Amino acid sequence: MLEDEGIPASYEGIHRNLMRESSGDPLTINLWDTNAEQDIPSKGLLQVIDPTFEQYHVEGTSENIYDPVANIAAACNYAADRYGSMDNVDSAY
């Protein structure tokens, strides 16, 4: 686990989820799901919407949702809050 560094996930959990969500492309935008229909498309490696990124953003990381470190950190915090850890996410979240 990366919890020693303050990240509520393992490398494997992060990798598994980002490959499913974006195939590893940090510039991916989902333009077809319900979020996109509401004009808040999911973006980046872990497909985070802007309001979630803003709420779970980690101070000291980029404010750019496409920045891989900032996207992963915010997504991991969200997943930890909602599911206990990114490791517990096995489908779109």
Side-chain angles (χ1 to χ4, degrees):
M1 295 288 275
L2 298 169
E3 289 184 18
D4 292 342
E5 287 83 27
I7 301 170
S10 67
Y11 288 111
E12 197 283 323
I14 292 169
H15 183 258
R16 180 184 71 245
N17 281 287
L18 75 80
M19 292 308 291
R20 182 187 62 251
E21 294 290 334
S22 68
S23 298
D25 180 355
L27 301 178
T28 297
I29 303 173
N30 183 325
L31 298 174
W32 58 266
D33 70 0
T34 58
N35 290 324
E37 290 172 3
Q38 297 173 23
D39 283 335
I40 49 169
S42 303
K43 302 173 183 175
L45 286 173
L46 284 166
Q47 293 294 280
V48 180
I49 60 174
D50 289 330
T52 300
F53 181 78
E54 291 165 12
Q55 181 176 350
Y56 291 95
H57 177 259
V58 175
E59 187 176 333
T61 65
S62 173
E63 298 285 337
N64 183 342
I65 196 168
Y66 296 104
D67 177 84
V69 172
N71 188 278
I72 290 169
C76 285
N77 281 340
Y78 168 74
D81 189 39
R82 179 137 183 176
Y83 305 102
S85 170
M86 181 61 75
D87 296 344
N88 297 332
V89 179
D90 292 319
S91 62
Y93 56 103

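Note that this is a predicted model, so its numbers are computed, not measured.
- Across every non-hydrogen atom of Leu46 and Ile14, the tightest pair is CD2-O, 4.3 Å.
- Ser62 has its side chain out of reach of Val69: every pair of non-hydrogen atoms, C-beta onward, lies at least 4.5 Å apart.
- With Asn88 contributing its side chain and Tyr83 its backbone, the two residues share a donor-acceptor pair below 3.5 Å.
- The two residues Ala9 and Ser85 have their closest heavy-atom pair at CA-OG, 3.8 Å.
- Gln47 places a side-chain N or O within donor-acceptor distance of the main-chain N or O of Thr28, the cut-off being under 3.5 Å.
- With a 4.5 Å cut-off on side-chain heavy atoms, Asp50 and Ile65 count as touching.
- Expressed to the nearest 0.5 Å, how far CD1 of Ile72 lies from CG of Asp67 amounts to 9.0 Å.
- For the pair His15 (side chain) and Met19 (backbone), a donor-acceptor distance under 3.5 Å is absent.
- Minimum interatomic distance between Ala74 and Phe53 (heavy atoms only, all atoms of both residues): CB-CD1, 3.7 Å.
- Take Thr52 and apply the side-chain contact (heavy atoms from CB on, under 4.5 Å) test, not counting sequence neighbours, and it matches Val48, Ile49, Tyr56, Tyr78.
- In this structure a side-chain-to-backbone donor-acceptor pair under 3.5 Å is present from Asn17 to Gly13.
- For Ser22 (side chain) and Leu45 (main-chain N/O), a donor-acceptor pair under 3.5 Å exists by modelled atom type.
- Panel note: side chain Arg16, backbone Asp87; a donor-acceptor pair is recorded below 3.5 Å.
- Contacts of Pro41 classified as side-chain contact (heavy atoms from CB on, under 4.5 Å), with partners at least two apart in sequence or in another chain: Ile29, Leu31, Ala36, Lys43.
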Take Arg20 and Asp90 through the salt bridge (Lys or Arg N to Asp or Glu O under 4.0 Å) test and state the conclusion after the steps. CA-CA 9 Å; Arg20 182 187 62 251; Asp90 292 319; 5.7 Å; no
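- In this structure, the side chain of Ser23 does not engage the main chain of Asp25 through any donor-acceptor pair within 3.5 Å.
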